[in-house]
Amino acid sequence: MSLADYFEEEGVEAEEVEEELEEVLEESIYEAESPRNTDVCYVLSVTYSGKAGKALVKLYDPSKGCIYFWYDNTGHKPYCLTNVPIDAVKRNPRIVTHEGFDHVEEVVKYDPLADSEVVMTKVVAKDPLSIGGRPRKSIRDLLPAAWEAHIKYHNCFIYDTGIVPGMPYRVVDGSLQPVELSLEGMEEVKKIFEDEPPEVKEALNEWLPLLLSPAPSIRRAAMDIEVYSPIPDRVPDPREAEYKVLCIAFSATDGLRKVLMLRREGVEEGTEWPEGVEVEFFEDEKRMLAEAFKIMTSYPVLLTFNGDGFDLRYLWHRAKRLGFRKGEVPIALTKDSAMLAAGVHVDLYRFFHNRSVQVYAFGNKYREVTLDAIAEALIGHAKIQLSKPMSELSYAELAAYCFRDADLTLRLTTFQGDLLMKLLLLFMRLSKLPLEDVSRLGISGWIKNMLYFEHRRRGYLIPRPEDIVGVKGQATTRAKIKGKKYLGAIVLEPKPGVHFNVLVLDFTSLYPSIVKTRNLSYEVINCPHEECKSNVIPGTSHWVCLKRRGLTSLIIGLLRDIRAYWFKPRSKDKALPEELRDWYGVVDRSLKVILNASYGVMGADNFPLYCPPVAESTTAVGRYIITRTIEKARELGMEVIYGDTDSIFVRQPSEEQVKELVDWSERELKVDLDVDKRYRYVALPSLKKNYVGVMEDGSVDIKGMMGKKRNTPAFIKAAFVEMMRLLSEVRSPEGFEEAKKAVRDVVQSCYYKLKNRQYSLDDLAFRVMLSKPVSSYEKTTPPHVKAAKLLLNRGREVKAGDIIAYVKTRDSLGVKPVQLARIDEIDFDGYLSHIRTAFEQVLEALDVNFDEVLGVRRLEWFLTPGKA
DNA sequence: GCGGACTGCTTACCT
DNA sequence: ACAGGTAAGCAGTCCGCG
């Protein structure tokens with residue numbers, strides 16, 4: 001169960017720590033009010049209160065900006081299911097004498113794998129830990145087989161009550177009631193789905209309010225702390241909390257801008273105080289922490305950047321060292337999270353770390369998960385650069401530095417009309433996860449919880465992972481890549497060269513469309529019915545049920561349609577009021593995140609509803625669809641020059657051709673084919689997944705090219721950018737000849753500057769991410785790891801996730817970290833091959849020879865490595 | 001003993 | 001811990017070469 005899973009760190013027994021959390025929650029001087037009646041409030045969080053022995057819902061009241069506690073009064077209790085008959089369970093002494101045992105009852109469930117009703121025994125416990133909190137002694141371990149026994153209690157409570165996190169509720173006479181709102185657009189959307197079967201309409205009625213209900217503005221504070229460190233550049237261990245907390249900064253939506261500062265001997269006042277920020281000095285560290293706890297607790301939401309891993313963890317251990325008593329520290333630490341007693345702690349580092357959030361919600365705008373990189377990419381503000389160690393800063397400098405971090409953290413949630421908060425709220429509603437969980441879990445955690453909720457809503461037994469794979473089997477296709485489980489998408493061989501007037505057609509949400517139209521869902525694929533076996537998925541040996549609609553097909557299909565028919569078009573509709581359009585844009589983005597990942601999780605073996613036949617059927621149909629579409633396009637006389645997974649690039653098609661193809665694919669394949677982009681021209685090298693496309697307005701799409709990769713040295717990137725600028729100005733085939741000349745100049749100048757040693761170390765640095773600790777590279781030692789080792793030898797800290805900047809050197813090792821290298825050690829010739837690859841990718845498309853550009857003589861040409 | 005062909009590892013990208 | 005497909009650079013290995 002949840003609490004036991006959480007508290008395994010810190011060398012403390014699970015029960016012991018749980019107790020600690022209880023005391024924080026129950027005896028804390030900061031405990032929130034539990035009123036009999038409230039105004040409209042939003043559910044921020046649902047947890048289990050050990051002391052109360054029941055679920056605790058944290059409600060946010062936007063009119064007062066405060067948190068209320070609502071304790072479950074419906075008598076809901078933790079449980080799991082078993083197929084052992086009820087009488088047999090009653091006769092099992094180890095169960096019925098278990099100290100947490102409450103009672104047993106019979107329940108009827110629908111077993112989706114067997115497609116039949118099944119009678120199960122529900123074993124109910126007094127507390128969540130009794131179900132699964134104590135290894136080998138829990139009820140789920142005492143039963144020969146248990147279902148739904150690994151669901152955290154607070155989630156189970158959410159499924160059974162139907163409470164949707166992020167939605168408006170009201171406490172009326174002590175009971176929690178959903179608020180019915182009249183929502184703009186509701187009836188209009190329903191009309192679109194008029195002809196759908198009843199199960200789709202029912203699901204629509206449940207989902208629509210989640211997407212149309214307004215988002216409250218949430219009062220919140222961001223916090224950042226600075227800690228003394230005897231060794232500059234080394235972060236103190238939060239578990240030790242050995243050193244003084246120097247200052248604690250807050251920046252909040254209600255205007256609070258404050259730094260708590262510890263007075264120390266020999267520290268200069270300084271002059272450059274941060275503007276509009278109140279600095280309060282403390283002689284005593286303990287009193288400073290107490291004041292910080294007071295501020296933290298006065299906000300319903302506390303934001304940090306890496307508070308789970310550092311700030312809150314450090315404060316908790318430091319408070320213990322300073323002699324705070326239990327109940328005086330409003331923080332509860334778990335294995336890898338830090339929770340708050342009254343409010344909700346959101347660690348933005350965790351949220352931004354979510355790959356789906358990074359790629360789909362924020363369009364891959366930030367490439368590194370650091371406060372500096374994210375703030376720079378999303379809001380155009382950077383951290384303050386320190387020129388000396390933390391311990392040598394004046395009070396003013398320290399206050400400015402610390403406050404900037406807190407303020408950036410806040411602003412990451414306020415930019416674009418609170419975009420991030422709205423996304424969090426929508427993800428809560430879609431996934432049915434509390435704010436703490438949704439901001440920390442990955443996309444598979446979201447989708448798992450979303451689908452579990454739907455199972456429980458319909459009385460479906462949630463299957464055990466091994467049962468799905470056991471009944472439905474493994475994948476039958478062979479992947480192109482060694483080590484992968486099944487065959488994926490098709491990438492067409494590009495036709496190299498420069499092509500004018502290119503149209504890109506793509507299938508909107510191809511995989512979700514396939515999941516919908518082909519009824520792809522774990523329980524209905526390879527179903528037991530003889531008459532369905534002819535309903536084969538092309539390219540596989542799988543078939544799909546014709547009698548029953550699969551649950552995941554229904555949900556994913558519905559979300560796809562809601563997005564495609566309502567939110568996506570309306571998010572671009574200039575006729576709508578700006579505020580509404582923006583909201584539609586946020587909903588569109590959040591749906592996109594869920595939809596894009598919905599196919600992938602089915603093929604992820606750690607996903608609890610993992611079903612290889614479903615995943616490989618999805619890609620198989622995808623291959624079938626793009627292949628047939630290309631054939632049809634060619635039949636219609638169109639020239640397809642490239643395509644990848646769900647897109648085709650067509651050269652100079654007529655409007656009639658396009659219309660005919662679009663109508664055909666809708667009619668024959670039941671997928672929406674849309675014009676995605678119109679390129680003035682596209683430059684295609686012979687490489688797949690690489691191209692440069694210039695739009696009508698001169699904006700440029702660069703895909704795959706080495707010149708845009710993060711690890712490419714800056715001097716190449718800069719020349720590449722210049723080259724792209726020149727190409728974006730080309731309007732016609734005739735204009736190209738001139739551009740080619742200019743492009744040649746760029747390449748030549750880059751080459752000669754290198755030859756003449758005109759680039760700095762930073763220009764020449766490769767910046768490669770260390771994906772794991774240095775010691776874990778066992779098979780090979782790549783250059784960035786060699787460089788990292790040199791840093792380690794010099795006492796520098798190097799950990800997973802760090803970017804290692806290194807240059808090529810002439811010594812025997814061949815590389816050096818930038819920090820340790822001198823310009824006269826550089827192996828300038830070693831860079832030539834990189835220049836070549838980067839520019840040849842573009843030059844090839846322009847039909848320009850790299851070596852001729854460099855003016856290399858014939859003899860040398862023969863001797864150039866890699867040019868055979 | 002050395003170099004080319006090859007495989008495998010690693011990172012970063014595309015859809 | 002969403003998936004598979006593609007590219008690039010380098011490390012390491014094998015094999016043939018008097």
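Quick note on labels: first sequence line is chain A, next is B, and so on, each numbered from 1.
The side chain of A/Thr780 has C/dA11 as its nearest neighbour among C/dA7, C/dG5, C/dA11. Among the nucleotides C/dA8, B/dA12, B/dT10, the one closest to the side chain of A/Tyr777 is B/dT10. With distances taken from any side-chain atom of A/Thr837 to the nucleotides B/dT10, C/dG5, C/dA8, the minimum falls on C/dA8. Of the candidates B/dT15, B/dT11, C/dC2, B/dT15 carries the atom nearest the A/Tyr691 side chain, counting heavy atoms from C-beta on. Nearest nucleotide to the side chain of A/Lys708, out of C/dC2, C/dA7, B/dC14: B/dC14. Closest to the side chain of A/Thr781, from the set C/dA7, B/dT15, C/dG12, is C/dG12. For A/Tyr486, taking side-chain heavy atoms from C-beta onward, the closest of the listed nucleotides C/dG4, C/dC10, C/dC2 is C/dG4. Considering only side-chain atoms of A/Lys688, the nucleotide from C/dA7, B/dT11, C/dG12 that sits closest is C/dA7. Across C/dG5, B/dT15, C/dA7, the shortest atom-to-atom separation from the side chain of A/Leu687 is found for C/dA7. In the set B/dC14, C/dA8, B/dT10, C/dA8 carries the atom at the smallest distance from any side-chain atom of A/Gln841.
Between the P atom of C/dC10 and the OH atom of A/Tyr831 lies a distance of 10 Å, rounded to the nearest Å. Computed from coordinates, the A/Asp646 CG to C/dG4 C1' distance equals 13 Å when rounded to whole Å. When rounded to the nearest whole Å, the span between CE of A/Met706 and P of C/dG9 equals 6 Å. Atom NZ of A/Lys482 and atom C1' of C/dG4 are 17 Å apart (whole Å). The distance from atom NZ of A/Lys717 to atom C1' of B/dA12 is 11 Å, rounded to the nearest whole Å. The CD1-C1' distance, from A/Ile648 to B/dT15, rounds to 15 Å in whole Å. Look at CD1 on A/Ile481: it is 11 Å from C1' on C/dA7, rounded to the nearest Å. Rounded to whole Å, atom C1' of C/dA8 lies 16 Å from atom CG of A/Leu832.
As judged by a 4.0 angstrom heavy-atom cut-off over every strand, A/Leu487 is placed among residues touching the sugar-phosphate backbone only. Here A/Lys448 lies out of heavy-atom contact (under 4.0 Å) with every strand. Heavy atoms of A/Ser771 sit under 4.0 angstrom from primed sugar atoms or phosphate atoms, though from no base atom.
An OP1 or OP2 oxygen of B/dT11 is reached within less than 4.0 angstrom by a side-chain nitrogen or oxygen of A/His784. OP1 and OP2 of B/dC14 both lie 4.0 Å or more from every side-chain N or O belonging to A/Lys689. Between B/dT10 and A/Lys772, a contact under 4.0 Å exists linking OP1 or OP2 to a side-chain N or O. Checking the phosphate oxygens (OP1, OP2) of B/dT15, a side-chain nitrogen or oxygen of A/Lys703 falls inside 4.0 Å. For B/dC13, one of the phosphate oxygens OP1 or OP2 lies less than 4.0 angstrom from a side-chain nitrogen or oxygen of A/Arg367.
For A/Arg767, the salt bridge (Lys or Arg N to Asp or Glu O under 4.0 Å) test picks out A/Glu368, with sequence neighbours left out.
Applying the side chain to side chain donor-acceptor pair (under 3.5 Å) definition to pairs two or more places apart or across chains, those involving residues 551-564 of chain A are A/Ser513-A/Arg560, A/Lys516-A/Asp561, A/Ser521-A/Thr552, A/Arg549-A/Ser553, A/Arg560-A/Tyr565, A/Arg560-A/Asp672, A/Arg563-A/Asp588. Among residues at least two apart or in separate chains, side chain to side chain donor-acceptor pair (under 3.5 Å) pairs with a member in residues 677-687 of chain A are A/Lys677-A/Asp701, A/Tyr679-A/Asp701, A/Ser686-A/Glu844.
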| message | A/Glu825 vs A/Arg810, test: salt bridge (Lys or Arg N to Asp or Glu O under 4.0 Å). Steps then yes/no. | response | CA-CA 6 Å; A/Glu825 297 176 291; A/Arg810 280 182 282 98; over 6 Å; no
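Applying the 6.0 Å contact sphere to NZ of A/Lys789 captures no more than 12 heavy atoms from other residues, nucleotides or ligands. The environment of A/Asp847 atom CG is sparse: at most 12 non-hydrogen atoms of other residues, nucleotides or ligands sit within 6.0 angstrom.
Looking at A/Lys448, A/Glu454, A/Met450 one by one, the single match for side-chain contact (heavy atoms from CB on, under 4.5 Å) with A/Tyr452 turns out to be A/Lys448.
The nearest heavy atom of DNA chain C to A/Lys709 and to A/Arg355 marks one nucleotide each, and the one closer to the 5' end goes with A/Arg355.
Side chains of A/Thr809 and A/Asp811: a donor-acceptor N/O pair is present below 3.5 angstrom, by distance only. In summary, the side chains of A/Glu616 and A/Thr476 do present a donor paired with an acceptor at a separation below 3.5 Å, with no hydrogens or angles considered.
The stretch residues 591-617 of chain A touches DNA chain C through A/Ala597, A/Tyr599, A/Gly600, A/Val601, A/Gly603, A/Ala604, A/Asn606, each having a heavy atom under 4.0 angstrom from the strand.
Minimum interatomic distance between A/Pro494 and A/Leu687 (heavy atoms only, all atoms of both residues): CG-O, 3.4 Å.
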Just distance, no hydrogens or angles: give the donor-acceptor pairs under 3.5 Å from side chains in residues 589-615 of chain A, sequence neighbours left out.
unit_1: A/Arg589; atom_1: NH1; unit_2: A/Ala361; atom_2: O; d: 2.6
unit_1: A/Ser590; atom_1: OG; unit_2: A/Val586; atom_2: O; d: 3.4
unit_1: A/Ser590; atom_1: OG; unit_2: A/Val587; atom_2: O; d: 2.8
unit_1: A/Asn596; atom_1: ND2; unit_2: A/Lys592; atom_2: O; d: 3.2
unit_1: A/Ser598; atom_1: OG; unit_2: A/Leu595; atom_2: O; d: 2.8
unit_1: A/Tyr599; atom_1: OH; unit_2: A/Tyr486; atom_2: OH; d: 3.1

Whether each nucleotide of nucleotides 1-6 of chain B has a protein heavy atom under 4.0 Å at its base (B), only at its sugar-phosphate (S) or at neither (-) is summarised, 5' to 3', as ------
